[in-house]
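Throughout, a chain's letter reflects where its sequence line sits, starting with A, and its residues are numbered from 1. All heavy atoms count here, side chains included; hydrogens, waters and symmetry mates do not. All of these numbers come straight from a predicted model, not from anything done at the bench.
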2 protein chains.
Amino acid sequence: MKNSTVSIPFSKSPVYLTVYEAIKQDIVGGRLYANERLPSIREQARQLCVSTTPVETAYQQLMAEGFIESRPRQGYYVATLPDSYSRFTMSASKTESGLSEKDCSTAETYAYDFHLAKNDFASFPVSHWKRLLMQTLREEYEELLFYGDPQGEAGLREELAAYLYRIRGVVCRKEQIVIGAEQHLLLHYLAILLKGISPAVAVEDPCYPLIARTFQAEGFAVLTATEADKGIDISRLLQSSVRIVAVAPSHQFPGGRVMPINERMELLKWAKEQEGYIIEDDYGGELRYVGQPVPALQGLAPDANVIYVGGFSQILAPDICIHYLVLPESLLAPYQQLRRRLLFEQSSSRVYQRTLEKLMKQGYFEKHVRKMRSLYRRKNQELAEALQIQFHDCGDVLNPHAGFHLILSLRATASEQEMIQAAKSGGIRVASASAFYADQAACERRKRKRFMIGFGGIAGQRIEEGAAQLRQIWEPYLQV
Amino acid sequence: MKNSTVSIPFSKSPVYLTVYEAIKQDIVGGRLYANERLPSIREQARQLCVSTTPVETAYQQLMAEGFIESRPRQGYYVATLPDSYSRFTMSASKTESGLSEKDCSTAETYAYDFHLAKNDFASFPVSHWKRLLMQTLREEYEELLFYGDPQGEAGLREELAAYLYRIRGVVCRKEQIVIGAEQHLLLHYLAILLKGISPAVAVEDPCYPLIARTFQAEGFAVLTATEADKGIDISRLLQSSVRIVAVAPSHQFPGGRVMPINERMELLKWAKEQEGYIIEDDYGGELRYVGQPVPALQGLAPDANVIYVGGFSQILAPDICIHYLVLPESLLAPYQQLRRRLLFEQSSSRVYQRTLEKLMKQGYFEKHVRKMRSLYRRKNQELAEALQIQFHDCGDVLNPHAGFHLILSLRATASEQEMIQAAKSGGIRVASASAFYADQAACERRKRKRFMIGFGGIAGQRIEEGAAQLRQIWEPYLQV
DNA sequence: ATGGATTTGTCCGTATGTATG
DNA sequence: TCATACATACGGACAAATCCA
């Protein structure tokens with residue numbers, strides 16, 4: 001019988017762990033062979049000059065992990081390990097890989113940042129939110145620590161249903177609303193729910209690609225339901241077997257086109273006759289700067305198969321992590337089934353949900369929406385005017401009526417990518433609109449280049465300067 | 001030219017909205033035909049005895065929504081609507097449907113609730129959490145209102161990597177960690193990432209069905225990698241073409257089996273040789289009541305293709321909504337690609353992430369884990385003893401070493417469902433273990449029925465009573 | 001056919017009551 | 001309390017289309 005090499009150095013960690021580690025390493029390192037007998041607990045304890053307790057604990061732990069086994073009244077024996085062990089050494093490879101994190105950080109700084117996602121979250125009603133948040137923590141926290149309604153807090157859904165009716169003309173019961181922490185997640189549920197409907201989904205051209213990508217990942221084919229920049233082509237839908245259409249009727253991306261009422265009606269008629277489904281993307285539908293917000297498609301036919309999609313990330317702040325679906329009655333039972341099948345839980349914080357409910361109930365949310373609307377209206381107008389002045393001789397500002405950006409259409413000789421790079425070199429961030437069109441080649445051929453100029457992230461006073469700077473940088477490329 | 005039926009009643013709402021609504025209803029109701037000319041702004045204003053402005057505003061809004069069109073210097077004309085309009089009347093159908101909400105509420109009350117999901121969240125370190133949360137709100141809120149790192153806050157991931165190394169033996173860099181608000185969501189990402197690897201995934205028998213269901217929804221076939229209650233059968237894996245295996249090595253569900261080291265080694269060897277992937281579900285891996293927590297499989301071979309899955313819902317509270325994956329290096333680039341393709345955002349609140357980071361950095365989290373462990377250890381032991389006393393003549397308590405529940409194995413004449421119903425009638429909630437086995441028929445045939453008895457949601461003092469009550473209720477079914 | 005008067009959509013400066021901070 | 005901002009409403013100016021003597 002060979003002695004194991006255990007010895008106890010000075011150490012802060014408990015004795016039994018030291019013993020455990022030492023024997024484990026002996027086994028791993030091949031210094032103790034399979035089926036070899038370990039010293040008995042008493043003997044080991046004597047050798048190490050400790051009591052039997054830590055040795056026994058160490059042996060228990062080793063046994064629990066399968067390193068050794070106990071043969072009652074015989075002793076502890078080393079278990080049989082595959083000989084390939086040494087291949088998997090604990091190489092604590094904490095070295096940095098070459099993987100850059102540039103996509104993660106938004107640390108790049110621009111003198112003039114006309115990016116889209118950069119919204120004016122600074123106008124978030126911080127003080128009210130904090131106060132209501134603390135109130136929730138104070139008054140309801142015990143209850144909220146436990147699992148809640150997987151579909152979302154009933155109170156919030158009730159408040160939301162009322163809000164959607166008042167401001168967006170959406171007609172629904174709170175039972176139709178599904179709360180979730182992320183857009184893709186909710187659309188993923190939806191894609192699964194609609195899997196039996198048709199193998200393809202139709203989207204607008206152009207459009208924000210989120211819905212298309214999510215459905216694509218779920219195995220759907222994607223086709224366009226429109227000619228570029230035109231309305232929905234019903235005959236096209238009828239020719240194909242597609243029975244799911246995704247639209248953004250109150251603010252098509254990126255151009256901001258509003259779907260006219262007759263197109264809405266035709267789409268609803270199509271859905272009714274073909275038993276099709278309409279996904280209504282209404283992100284930012286509250287923000288319209290000319291006249292009233294255009295009521296949602298869903299409200300025209302509350303009993304039709306329209307799924308309304310919205311959220312609070314843009315209008316309030318991303319930290320809220322609350323988005324929602326409004327499901328038609330026909331999808332309620334399937335959704336409940338799906339939930340039980342996939343075993344998902346609510347992904348949004350109950351505390352945040354309750355706080356948001358208070359914010360809405362007490363009217364602060366609607367106030368905030370109005371404030372945002374007027375703030376953005378001003379910036380939108382300033383930007384439109386500044387661009388008009390700078391580029392009136394070679395282009396136009398399109399549809400500056402809603403959203404967080406507008407479209408600058410220019411007669412130019414260079415490609416959009418070249419011009420964006422030039423702007424970037426000059427410290428200005430703008431984006432191309434072409435990326436969102438189905439036919440990239442057609443965009444290339446177009447004489448008129450289109451850029452998305454966001455006004456969310458830039459200070460009002462810097463808009464005019466930024467526009468002038470942009471004109472100067474782009475001067476060589478423009479066709480006056 | 002026909003007069004429209006607009007009239008202005010006493011009303012709180014603005015004139016222009018009244019006019020807008022009236023004309024809209026006239027068009028919708030068919031009282032105004034397509035291409036019909038509306039009264040000019042001035043004429044309409046005269047008739048209504050208002051100024052031109054509200055009329056003009058109303059017309060603008062109607063135009064924006066596509067109900068009417070303007071022919072400059074000629075007049076406004078009603079647009080062409082599909083004749084099917086009347087079918088889509090604004091039926092404000094706010095009636096209650098028969099749809100019950102029973103699945104949503106957890107309102108059912110039991111005298112003795114031995115349910116699993118009901119944890120002792122009451123021991124959540126509320127005061128520390130609140131304090132740190134407020135600190136975050138005070139000091140970092142402006143920054144946190146904007147979009148953050150889509151993979152999760154770097155600071156939290158760093159802290160988490162250190163914690164996982166200390167407590168679970170997981171070896172990883174923060175770049176490998178992906179934060180998300182929900183288990184299914186993260187597993188959904190993972191399923192897409194692994195789509196090219198193999199068309200099937202192998203799971204343990206029994207196991208918690210979350211991973212299987214998620215992968216199934218993503219189109220994977222699911223097969224079992226074990227005989228019921230046995231270890232992973234490598235030859236079985238080799239026979240099939242499966243190259244993805246999901247396991248819970250530190251605490252198999254529901255029995256609590258710990259995967260012995262040689263099985264771990266063989267599994268890792270299999271993964272290396274077959275270029276397979278191992279998904280290590282480590283929910284509740286921190287909670288072991290006998291000896292130390294068993295280190296994670298991932299740490300045995302940090303450079304192998306092991307995906308470690310964990311979260312804070314069970315150990316802290318569901319409200320946190322923070323879960324995580326630890327990806328192997330081979331999946332980092334594919335993950336970044338996926339993120340750009342699917343355009344998903346971070347689904348967990350940045351404020352919560354930062355607060356959790358502080359909770360961990362300042363040691364409160366580990367303190368909490370230790371507290372939970374000793375609390376659950378006590379309750380676990382009390383329950384095990386109580387059940388042992390009550391049922392020693394007709395069954396056993398299996399493996400009461402970890403997790404939030406233990407298994408009561410009983411010789412009984414009735415089916416598990418019958419007995420659960422009987423318990424329910426007596427005000428006691430317990431669950432069946434059979435639901436988690438692949439072969440349901442085999443479970444039926446088994447003489448020994450298995451129940452999952454949770455101790456999370458029940459007060460320590462009520463355990464003994466509850467066990468006695470349960471014995472009394474089940475008396476008729478037992479085979480002594 | 002024609003030129004002037006009228007009507008039209010469109011744009012703009014201003015006033016008022018209400019809400020906000 | 002007071003100053004400010006906003007939504008709403010008023011009335012007029014302009015240029016293009018239309019009508020009519």
Quiz item: Does a donor on one side chain sit under 3.5 Å from an acceptor on the other, for B:Y352 and B:W129?
Solution: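 The criterion, which ignores hydrogens and geometry beyond distance, is not satisfied for B:W129 and B:Y352.
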Quiz item: Between B:T52 and B:R46, who's closer to the 5' end of DNA chain C by nearest nucleotide?
Solution: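 It is B:R46, whose closest nucleotide lies nearer the 5' terminus.
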Self-check item: Toward the 5' end of DNA chain C, by each residue's nearest nucleotide, B:T53 or B:I41
Solution: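 By nearest-heavy-atom nucleotide position, the 5'-most residue is B:I41.
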Quiz item: Considering residues, nucleotides and ligands other than B:E139, do more than 12 of their heavy atoms fall under 6.0 Å from its CD?
Solution: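 Enclosed.
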Can you tell me how far [atom2] of [N] sits from [atom1] of [X], to the nearest Å?
X: A:R370; N: D:dT8; atom1: CZ; atom2: C1'; value: 14 Å
X: A:E366; N: C:dT18; atom1: CD; atom2: P; value: 19 Å
X: B:L48; N: D:dC10; atom1: CG; atom2: C1'; value: 15 Å
X: B:Q60; N: D:dT8; atom1: CD; atom2: C1'; value: 15 Å
X: A:Y376; N: D:dC6; atom1: OH; atom2: C1'; value: 19 Å
X: B:R71; N: D:dT18; atom1: CZ; atom2: P; value: 11 Å
X: A:L375; N: D:dA5; atom1: CG; atom2: C1'; value: 13 Å
X: B:Q74; N: D:dC19; atom1: CD; atom2: C1'; value: 13 Å

So what does [X] hit on the nucleic acid, given a heavy-atom distance under 4.0 Å: a base, only sugar-phosphate, or nothing?
X: A:R377; answer: sugar-phosphate
X: B:Y76; answer: sugar-phosphate
X: B:T57; answer: nothing

Between [X] and [N], is there a side-chain N or O to OP1/OP2 distance below 4.0 Å?
X: B:S51; N: D:dA9; value: no
X: A:R378; N: D:dC6; value: yes
X: A:K367; N: C:dT20; value: yes

Could you go through residues 248-256 of chain A and list every donor-acceptor pair under 3.5 Å that involves a side-chain atom there, pairing it with any protein atom two or more places apart or in another chain?
residue : atom : partner : partner atom : Å
A:S250  : OG   : A:D282  : OD1          : 2.6
A:Q252  : NE2  : A:P206  : O            : 3.3

Considering only distance and modelled atom types, tabulate donor-acceptor pairs under 3.5 Å from the side chains of residues 386-395 of chain A, sequence neighbours left out.
residue : atom : partner : partner atom : Å
A:D393  : OD1  : A:R471  : NH1          : 2.7
A:D393  : OD2  : A:R471  : NH1          : 3.4
A:D393  : OD2  : A:R471  : NH2          : 3.3

Quiz item: Once you round to the nearest 0.5 Å, how far does CE of A:M259 lie from CG of A:L267?
Solution: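 One finds 5.5 Å between CE of A:M259 and CG of A:L267.
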Nucleotide nearest [X] when distance is taken to its side chain, options [options]:
X: B:Y16; options: C:dG9, D:dA17, D:dT8; answer: D:dT8
X: B:E43; options: D:dC10, C:dT8, C:dC11; answer: C:dT8
X: B:S40; options: D:dG11, C:dG9, D:dT8; answer: C:dG9
X: B:R42; options: D:dT8, C:dG21, D:dC14; answer: D:dC14
X: B:R73; options: D:dA17, D:dC10, C:dC11; answer: D:dA17

Exercise. Look at the side chain of B:R354 and the backbone N and O of B:S349, then say whether any donor-acceptor pair between them is shorter than 3.5 Å.
Key: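 No, because the side chain of B:R354 does not come within donor-acceptor range (under 3.5 Å) of the backbone of B:S349.
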